[in-house]
Protein chains: 2
Amino acid sequence: MSTIKDVAREAGVSIATVSRVVNNGPKVGEKTKARVLSIMAELGYRPNENARALVTQKSKTLGVVIPDLSDPFFASLANGVDKVARQNNMQLLLSTGLITEESERQAIRLLLERRCESIVVHSKKLSDEEIIEFANKVPGLVLIDRFIQKIADRCIWLDNEEGGKIAARHLMSLGHQQLACISSKYQIDDPALRFKGFKNELTESGLSLLNQHIVEDEPNLQGGEMATQKLLASDTKFDAIFVYNDAMAIGAISTLEDNGFRVPLDVSVIGFDDVLLSRYSRPKLTTLHYPIEEMAEFAAQLALGNIKDVTAQQISSGYKYIPRLVKRESTSLHSFSK
Amino acid sequence: MSTIKDVAREAGVSIATVSRVVNNGPKVGEKTKARVLSIMAELGYRPNENARALVTQKSKTLGVVIPDLSDPFFASLANGVDKVARQNNMQLLLSTGLITEESERQAIRLLLERRCESIVVHSKKLSDEEIIEFANKVPGLVLIDRFIQKIADRCIWLDNEEGGKIAARHLMSLGHQQLACISSKYQIDDPALRFKGFKNELTESGLSLLNQHIVEDEPNLQGGEMATQKLLASDTKFDAIFVYNDAMAIGAISTLEDNGFRVPLDVSVIGFDDVLLSRYSRPKLTTLHYPIEEMAEFAAQLALGNIKDVTAQQISSGYKYIPRLVKRESTSLHSFSK
DNA sequence: CACACAAATGTAAACGTTTAGACTTTAATT
DNA sequence: AATTAAAGTCTAAACGTTTACATTTGTGTG
């Protein structure tokens with residue numbers, strides 16, 4: 001691969017001049033410029049970005065740390081960041097952390113070694129302290145899907161609790177009173193918060209959630225099916241279910257229908273996330289939209305320093321997104337109310 | 001950010017020694033090594049990968065060119081490449097080309113500028129000639145999802161035509177005789193080849209495909225619904241449909257059921273791709289598995305030069321994958337055969 | 001105790017750029 | 001014709017590493 005020196009030699013100029021041509025620098029004579037350009041084309045010259053990064057101290061690279069790309073949720077996240085990268089003439093450097101603390105740490109380090117100055121991090125395992133430490137070292141590091149008070153103005157997160165509340169209000173507004181809840185069995189924040197919001201909202205409205213109406217399982221299709229089996233086994237009636245995510249919700253609907261319940265006529269089902277799946281299911285799923293791509297785009301802009309006005313609001317609670325209710329076909333008025 | 005010089009100064013050694021410690025080089029005294037390591041930790045030193053890439057002439061980066069990450073198909077592709085990158089201590093550099101010829105070209109160039117020596121390219125717009133030219137320049141460039149004779153041993157592709165044949169054989173083996181076909185309206189190779197294989201296989205078995213049983217539309221849910229409407233409008237009977245992809249197939253099933261047809265009792269439906277969706281639909285979709293992630297992993301290994309034995313077979317027809325029939329619930333024996 | 005040899009460490013060039021500052025040419029002004 | 005300013009070009013240092021080669025230090029041998 002030819003270098004700037006080759007071009008300079010062939011064109012009979014110094015490398016400085018070639019460099020100016022390459023970068024559309026200021027003072028370059030017309031004829032020289034033309035000559036250099038033609039030599040460049042002839043040699044197929046491409047500037048070495050590593051050398052550039054070294055001397056200019058900027059990497060033209062937007063880093064993103066996620067477990068991997070196999071989950072559509074993370075693919076959307078990466079896609080949001082990539083969009084912004086493209087808009088800014090940068091490229092996406094992916095650092096997959098999988099699921100261990102050590103590999104999350106390693107993923108961030110690799111990005112630092114490339115002197116990536118803007119990084120969007122999705123981390124669930126690293127401690128608050130360690131993340132804060134990284135954040136202090138790198139001004140362009142931004143956290144997505146997690147809130148840490150000390151670096152609030154660099155956190156982009158979803159209010160899961162509010163999501164639970166919205167779901168509760170929606171189901172109650174349809175006249176449902178015997179509610180059930182299917183949650184994830186994993187002890188991370190998201191399910192706990194969604195459930196908390198849901199339950200509190202019910203309680204405030206004077207409704208209660210029976211213990212046998214709260215079940216947990218794996219957060220996937222099969223888990224949704226199993227959970228629904230458990231719900232049906234305890235033969236106390238329920239007329240609506242708030243499900244942890246869309247995949248489980250689809251499993252729930254499938255099991256309900258297999259057992260003679262019609263959705264939404266007999267039971268309303270509401271999911272969470274609004275993944276692609278929810279538009280393809282029958283009935284189409286009512287769910288809470290998790291605007292992850294939009295959040296990722298914003299996160300990327302924030303990482304790049306393109307967001308100027310930071311309000312007091314953001315300094316205290318970061319950039320908080322509220323899930324939006326998407327009414328489709330899996331919820332409807334309670335039959336007694338019809 | 002501290003450099004190797006800072007570490008050298010603090011530790012009272014030369015940068016060469018520090019470099020040896022960093023790279024676990026050969027001859028370094030135990031106590032020196034310990035001292036240097038402790039200083040490194042103290043300063044939070046991280047070697048500058050750009051400088052390294054410059055001097056070693058290798059980038060520790062695996063490039064991938066795809067339109068974008070919004071389509072789960074491409075996300076799987078990227079995920080396959082990323083897996084291999086991780087196994088080889090490299091990182092994924094994403095270059096999204098969107099859909100124009102110029103941006104595909106640009107995407108490859110950007111990777112070259114970073115001296116990325118291994119690249120997996122998914123390109124539909126660039127001409128054969130231009131791709132061959134790039135391939136000649138970069139030994140580690142590999143083509144996925146496309147076959148070009150002149151660089152056959154660097155092509156990883158799916159035999160779409162064979163997929164069509166397999167679908168045809170499957171439906172015929174179930175006793176279906178009045179077949180229909182829903183294809184994509186876009187004039188790219190894939191739909192044409194799938195259709196060709198399907199039709200030829202029928203013809204060879206003495207079956208014919210009525211003209212009104214061939215419809216085209218957008219390759220998504222709505223397209224599948226619309227196409228099925230058209231099929232139903234021409235009131236010649238059909239007992240099985242070969243659909244271009246899973247999303248359309250799900251749309252087809254939905255419209256069939258809305259019109260009182262049961263799937264698979266009245267009509268069998270077979271899709272193509274085996275995306276996540278197909279396992280979530282009701283009935284679960286019978287489809288042809290497109291092993292894109294596996295193919296991408298292989299492509300990455302090939303790009304890295306980890307594939308040694310190339311047979312005559314590969315020199316003539318590249319690395320060809322055959323889609324695998326996944327029998328689920330949307331196809332069954334023809335009712336008259338039961 | 002001098003010697004050789006291995007082990008440890010240091011020196012300096014190279015990788016391919018950018019960019020300040022110096023220098024040269026050209027053109028305009030007096 | 002001499003002077004000046006502007007435009008164009010060049011020189012050389014710097015970015016942070018790796019690595020061949022040179023040098024120093026240490027160790028066991030005769």
Side-chain angles (χ1 to χ4, degrees), chain A residues 1-37 39-40 43-61 89 109-117 137, chain B residues 1-40 43-61 89 109-117 137-138:
Chain A
M1 189 127 243
S2 53
T3 75
I4 200 172
K5 289 182 191 167
D6 301 324
V7 178
R9 182 166 12 84
E10 292 298 312
V13 295
S14 73
I15 60 169
T17 300
V18 178
S19 177
R20 277 184 222 107
V21 172
V22 171
N23 299 291
N24 272 309
K27 324 162 165 190
V28 195
E30 280 309 320
K31 53 255 152 51
T32 323
K33 185 168 179 177
R35 184 154 35 95
V36 170
L37 282 173
I39 300 279
M40 275 171 43
L43 298 183
Y45 169 71
R46 304 262 101 217
N48 183 321
E49 197 53 50
N50 293 314
R52 275 184 166 173
L54 183 58
V55 57
T56 62
Q57 306 279 30
K58 40 199 53 165
S59 74
K60 284 201 184 180
T61 276
N89 279 312
R109 282 196 183 149
L110 286 174
L111 259 19
L112 295 184
E113 294 185 352
R114 301 204 184 229
R115 297 302 183 267
C116 195
E117 51 277 304
K137 218 183 309 190
Chain B
M1 189 127 243
S2 53
T3 75
I4 200 173
K5 289 182 192 168
D6 301 324
V7 177
R9 182 167 10 84
E10 292 298 311
V13 296
S14 73
I15 61 170
T17 300
V18 177
S19 177
R20 280 185 213 105
V21 172
V22 171
N23 299 291
N24 273 308
K27 325 161 163 190
V28 194
E30 280 309 320
K31 52 262 152 53
T32 324
K33 184 168 179 175
R35 183 155 34 94
V36 170
L37 282 173
S38 94
I39 299 279
M40 274 172 39
L43 298 183
Y45 169 71
R46 304 263 99 217
N48 183 322
E49 197 52 51
N50 293 315
R52 276 183 165 174
L54 184 58
V55 59
T56 62
Q57 307 279 30
K58 41 198 53 160
S59 74
K60 283 199 183 184
T61 276
N89 280 313
R109 283 197 182 147
L110 287 173
L111 259 19
L112 295 183
E113 294 184 354
R114 299 198 186 237
R115 297 302 184 264
C116 197
E117 52 277 303
K137 218 182 310 192
V138 187

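Proteins come first, then strands; the chains are lettered A, B, ... in the order of their sequence lines, and each starts at number 1. Just the heavy atoms: all of them, side chains too, but no hydrogens, waters or symmetry mates, feed the values below.
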From the set [options], return the single nucleotide nearest to any side-chain atom of [X].
X     : options                : result
A:R20 : D:dT17, D:dT9, C:dG16  : D:dT9
B:V28 : C:dT19, C:dT9, D:dG16  : C:dT9
B:S14 : D:dA14, D:dC10, C:dG10 : C:dG10
A:T17 : D:dC15, D:dT18, D:dC10 : D:dC10
A:V55 : C:dG10, C:dG16, D:dT18 : C:dG16
B:T3  : D:dT9, D:dT17, C:dG16  : D:dT17
A:K5  : D:dT11, C:dA8, C:dC15  : C:dC15
B:A51 : D:dT18, D:dG16, C:dG10 : D:dG16

Non-hydrogen atoms of B:N48 and A:L54 that approach each other most closely: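 Nearest heavy atoms, B:N48 then A:L54: ND2-CD1, 4.0 Å.
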Sugar-phosphate only, base, or nothing, as touched by [X] at under 4.0 Å among non-hydrogen atoms:
X     : answer
A:N23 : sugar-phosphate
A:S19 : base
B:V22 : nothing

Please state how far atom [atom1] in [X] lies from atom [atom2] in [N], giving the value in whole angstrom units.
X      : N      : atom1 : atom2 : result
B:I15  : C:dA13 : CD1   : P     : 12 Å
A:K31  : D:dG8  : NZ    : C1'   : 8 Å
B:R35  : C:dA8  : CZ    : P     : 14 Å
B:R52  : C:dT17 : CZ    : C1'   : 20 Å
A:R115 : D:dC15 : CZ    : P     : 13 Å
B:M40  : D:dG16 : CE    : C1'   : 14 Å
A:L54  : C:dT19 : CG    : C1'   : 14 Å
A:Q57  : D:dA14 : CD    : P     : 14 Å

Is the shortest side-chain N to carboxylate O distance from A:R46 to B:E113 below 4.0 Å?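 Yes, this pair counts.
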B:K33/B:E30 salt bridge by N-O under 4.0 Å criterion: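 Looking at B:E30 and B:K33, the cut-off is not met.
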Taking the nucleotide of DNA chain C with the nearest heavy atom to each, does B:K33 or A:A16 sit closer to the 5' end?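 Of the two residues, B:K33 wins.
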Can you tell which of B:L37, B:V13, B:V18 makes a side chain to side chain contact (heavy atoms under 4.5 Å, CB included) with B:V7?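 When side chain to side chain contact (heavy atoms under 4.5 Å, CB included) is applied between B:V7 and each of B:L37, B:V13, B:V18, only B:V18 qualifies.
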Quick one: pull up CD in B:E10 and OG in B:S38 and give me the separation to the nearest 0.5 Å.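 The CD atom of B:E10 sits 10.5 Å away from the OG atom of B:S38.
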Report yes if a side-chain nitrogen or oxygen of A:T32 is closer than 4.0 Å to either non-bridging phosphate oxygen (OP1 or OP2) of D:dT9; otherwise report no.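 True: A:T32 side-chain N/O within range (under 4.0 Å) of D:dT9 OP1/OP2.
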Test side chain to side chain contact (heavy atoms under 4.5 Å, CB included) on A:V36 and A:R20; report intermediate values, then the result. CA-CA 10 Å; A:V36 170; A:R20 277 184 222 107; over 6 Å; no
